[in-house]
There are 2 protein chains.
Amino acid sequence: MAQTRFIGGLAKAAGVRVATIRFYERKGLLPAPPRRASGYRIYGEETLQRLRFIQRAKTLGFSLREIQELLALRAVSGRTCLDVRERATHKIQDVEGKIRQLRHFRRALQLLVAQCEAGGTQGDCPILDALDHFRALSVRTARAGSPVR
Amino acid sequence: MAQTRFIGGLAKAAGVRVATIRFYERKGLLPAPPRRASGYRIYGEETLQRLRFIQRAKTLGFSLREIQELLALRAVSGRTCLDVRERATHKIQDVEGKIRQLRHFRRALQLLVAQCEAGGTQGDCPILDALDHFRALSVRTARAGSPVR
DNA sequence: ATAAACCCTGTACATTAGTATCGAGTCAAG
DNA sequence: CTTGACTCGATACTAATGTACAGGGTTTAT
């Protein structure tokens with residue numbers, strides 16, 4: 001049985017503002033919901049799920065435009081399957097790149113912590129340039145750069 | 001031997017605009033570099049590395065403010081080691097959360113592709129609600145939500 | 001020593017992602 | 001059937017993250 005509620009209840013459940021929900025609707029991130037005779041928007045559970053999806057994707061560095069594209073993968077109308085597959089495959093590459101970066105990132109931070117612990121719980125840490133290690137690890141896409149002038 | 005260059009060369013090497021570099025300097029993401037007598041900024045290799053770090057962190061969903069915090073982990077002056085360790089540990093949690101989310105995300109996208117392939121290269125895909133699967137997987141933080149009204 | 005290409009500061013403009021406010025209408029609990 | 005909380009659309013404002021001049025000085029290859 002679908003929960004139904006007005007915009008305020010949905011906003012509270014999702015932890016966003018009412019204005020944000022209307023904003024997302026205008027932007028096409030949320031479908032125009034059914035309305036009461038009065039014009040009040042009526043939401044079911046699925047909109048809450050979609051809002052949570054949007055929130056998560058945002059913290060992962062996707063822009064609203066990208067999130068819209070991701071959501072559009074579901075709405076197959078008018079798109080061929082091949083098209084969807086291509087887009088999804090491309091997104092997977094994207095996601096895997098992010099995962100890789102984050103792993104390097106984590107490793108660097110762990111090194112930082114390890115160096116701290118090695119230095120003892122008080123007194124000076126060594127230079128703590130573990131983040132340089134991160135840099136060294138993840139600069140694979142490095143281009144040549146302009147020469148000295 | 002450190003490469004040195006003016007702001008334009010650095011911008012080109014990092015793939016950002018000159019104005020962006022000056023913007024980051026104003027924001028404290030890049031240190032104020034040494035200058036020529038003329039006032040021209042002079043950059044070494046380390047600034048390029050830092051710029052690349054910033055770019056990567058941005059695509060991973062960190063705001064400039066958060067990136068500043070991450071960079072501050074390196075600048076140990078005035079901070080105790082314990083403090084740094086705590087902050088780094090917290091960041092690691094953060095990063096791991098993101099990795100987890102991205103993995104769910106990827107799984108959902110892979111499911112989507114698989115469903116597409118099962119449906120053949122042409123004709124209609126099934127409903128393709130693999131992203132619902134993603135939702136089901138990743139809604140662990142779900143709160144009760146307001147009741148019907 | 002000159003001209004193209006570059007840099008300086010300061011300020012204004014743009015885009016993304018919301019937030020806030022207003023006046024008027026609606027809901028629902030007592 | 002009133003009253004406080006909610007909703008509506010429209011519009012304007014904000015913060016974060018850049019971008020684009022304008023007017024004037026600098027570098028450097030030739």
Side-chain angles (χ1 to χ4, degrees), chain A residues 3-44 47 50-71 145-149, chain B residues 3-30 32-44 47-48 50-71 145-149:
Chain A
Q3 297 250 54
T4 65
R5 46 191 146 209
F6 294 151
I7 199 168
L10 176 62
K12 188 176 253 186
V16 303
R17 314 251 173 181
V18 166
T20 303
I21 294 174
R22 290 199 275 245
F23 173 70
Y24 285 168
E25 182 181 329
R26 275 205 307 287
K27 286 293 186 173
L29 285 153
L30 295 176
R35 307 266 189 141
R36 281 241 176 140
S38 60
Y40 280 29
R41 292 168 178 83
I42 303 169
Y43 294 102
T47 309
R50 188 179 272 232
L51 265 175
R52 290 196 171 130
F53 175 86
I54 294 170
Q55 299 301 296
R56 278 192 306 271
K58 257 164 39 70
T59 74
L60 297 173
F62 293 98
S63 68
L64 294 189
R65 172 165 299 280
E66 288 173 308
I67 293 169
Q68 209 171 354
E69 286 169 25
L70 284 164
L71 288 168
S146 314
V148 187
R149 74 170 46 205
Chain B
Q3 298 248 52
T4 65
R5 47 193 144 207
F6 294 151
I7 199 169
L10 176 62
K12 188 176 253 186
V16 304
R17 316 254 171 178
V18 166
T20 303
I21 294 174
R22 289 199 275 246
F23 173 70
Y24 285 168
E25 182 181 328
R26 275 205 306 285
K27 285 293 185 173
L29 285 151
L30 295 176
R35 307 265 191 144
R36 282 243 177 135
S38 59
Y40 280 30
R41 291 168 178 82
I42 304 170
Y43 293 102
T47 310
L48 177 54
R50 190 179 270 233
L51 264 174
R52 290 197 171 128
F53 175 87
I54 294 169
Q55 298 302 296
R56 278 194 307 272
K58 257 165 39 73
T59 75
L60 297 174
F62 294 99
S63 69
L64 294 190
R65 172 164 297 281
E66 288 173 308
I67 293 169
Q68 210 172 349
E69 287 168 24
L70 284 163
L71 289 167
S146 313
V148 187
R149 73 167 52 202

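Here is how names work: the chains are called A, B, and so on, in the same order as the sequence lines, proteins then strands, and each is numbered from 1. Note: hydrogens, waters and symmetry copies are ignored here, and every other heavy atom, side chains too, is used.
Atom P of nucleotide C/dC8 and atom CD of B/Glu25 are separated by 9 Å, given to the nearest angstrom. Across the protein-nucleic acid pair, A/Ile54 atom CD1 and C/dA17 atom P stand 11 Å apart, rounded to whole Å. Here C/dT9 presents its P atom at 13 Å from CD1 of B/Ile21, a figure rounded to the nearest Å. Rounding to whole angstrom units, CD of residue A/Gln55 and C1' of C/dG18 are separated by 11 Å. One can place CD1 of B/Ile7 at 15 Å from C1' of D/dT26, the figure rounded to the nearest angstrom. Rounded to an integer number of Å, the gap from A/Leu30 CG to C/dA17 C1' is 14 Å. Regarding A/Ile67, its CD1 atom lies at a distance of 12 Å from the C1' atom of C/dT16, rounded to whole Å. Distance B/Arg5 CZ to D/dT28 C1': 18 Å, rounded to the nearest Å.
Counting only heavy atoms from C-beta outward, the side chains of B/Leu71 and B/Phe53 approach each other to under 4.5 Å. A/Arg5 places none of its side-chain heavy atoms less than 4.5 Å from the side chain of A/Lys12. Between B/Phe6 and B/Ile42 there is a side-chain heavy-atom pair separated by less than 4.5 Å.
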Below 3.5 Å is the cut-off: list the nitrogen or oxygen pairs between protein and nucleotides 10-17 of chain D, distance only.
unit_1: D/dT17; atom_1: OP1; unit_2: B/Leu64; atom_2: N; d: 3.2

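Expressed to the nearest 0.5 Å, how far CG of A/Leu51 lies from CD of A/Gln55 amounts to 6.5 Å. Here the CD atom belonging to B/Gln3 is positioned 8.5 Å from the CG atom belonging to B/Leu48, to the nearest 0.5 angstrom.
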field: CA sep, side-chain torsions, deciding dist, call: B/Phe23, B/Leu64, side-chain contact (heavy atoms from CB on, under 4.5 Å)
entry: CA-CA 11 Å; B/Phe23 173 70; B/Leu64 294 190; 3.9 Å; yes
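An OP1 or OP2 oxygen of D/dT19 is reached within less than 4.0 angstrom by a side-chain nitrogen or oxygen of B/Thr20. Between A/Arg41 and D/dC6 there is no side-chain N or O to OP1 or OP2 distance below 4.0 Å. In terms of phosphate contacts, B/Arg36 brings no side-chain nitrogen or oxygen within less than 4.0 Å of OP1 or OP2 of D/dT26. Applying the 4.0 Å criterion to OP1 and OP2 of D/dC8, one finds that A/Ser38 has every side-chain N and O outside that range.
Taking only distance into account, the side chain of A/Tyr40 meets the base of D/dC6 through a donor-acceptor pair shorter than 3.5 Å.
The side chain to side chain contact (heavy atoms under 4.5 Å, CB included) test with A/Ile21 is passed by exactly one of A/Leu30, A/Leu29, A/Thr47: A/Leu30.
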